[in-house]
Amino acid sequence: MSATVNPLCVSGMAAMSWDLPEEIAMYRRTGTDLVGLQCGKVAAFGVPALGDLLVAHDVRLGYLVHGFTAHPGDESGWARQISALRTGASSTPVRSAPTSSTSRRAPRRT
């Protein structure tokens, strides 16, 4: 029997009012190494600074949260929302989660 250690991913909903450095430091203190962050908070903090902050705290970005605000029938509004999301996703540093070949595994018992 073998076991795989899976990373923990936490949403920042409880930390919405916190500054990004406080939020990242809290994740590190709690041992959380894979997180989701709000696009607006990342944009306000700055993408290059986020990369440095993540590395300094050894925290990985798993996903970005972006709340949609367009009305369902507003095609141009949706186009703007999707464009903003793509811009954030393509310019945000993502430290990927380990793949099955690189993840830590417990010793196999026989």
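Just the heavy atoms: all of them, side chains too, but no hydrogens, waters or symmetry mates, feed the values below.
The shortest side-chain heavy-atom distance between Leu50 and Leu37 falls under the 4.5 Å cut-off.
Between the CZ atom of Phe45 and the CD atom of Glu23 there is a distance of 11.0 Å, given to the nearest 0.5 Å.
Every residue two or more places apart in sequence or in another chain that forms a side chain to side chain contact (heavy atoms under 4.5 Å, CB included) with Ala25 is listed here: Arg29, His57. Every residue two or more places apart in sequence or in another chain that forms a side-chain hydrogen bond (donor to acceptor under 3.5 Å, both in side chains) with Asp74 is listed here: Ser76. Remark: Asp52 pairs with no residue by the side chain to side chain contact (heavy atoms under 4.5 Å, CB included) rule, at least two apart or across chains.
Put simply, the side chain of Arg28 gets close to the backbone of Asp58: a donor and an acceptor are under 3.5 Å apart. Checking side-chain atoms of Lys41 against main-chain N and O of Trp18 turns up a donor-acceptor pair under 3.5 Å.
The only member of Thr32, Asp19, Leu53 that meets side chain to side chain contact (heavy atoms under 4.5 Å, CB included) when paired with Ile24 is Leu53.
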### Query
Can you check side chain to side chain contact (heavy atoms under 4.5 Å, CB included) on Leu54 and Val59, steps first, answer last?
CA-CA 5 Å; Leu54 292 174; Val59 172; 4.1 Å; yes

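Nearest heavy atoms, Cys39 versus Leu64: SG-CB, 3.6 Å.
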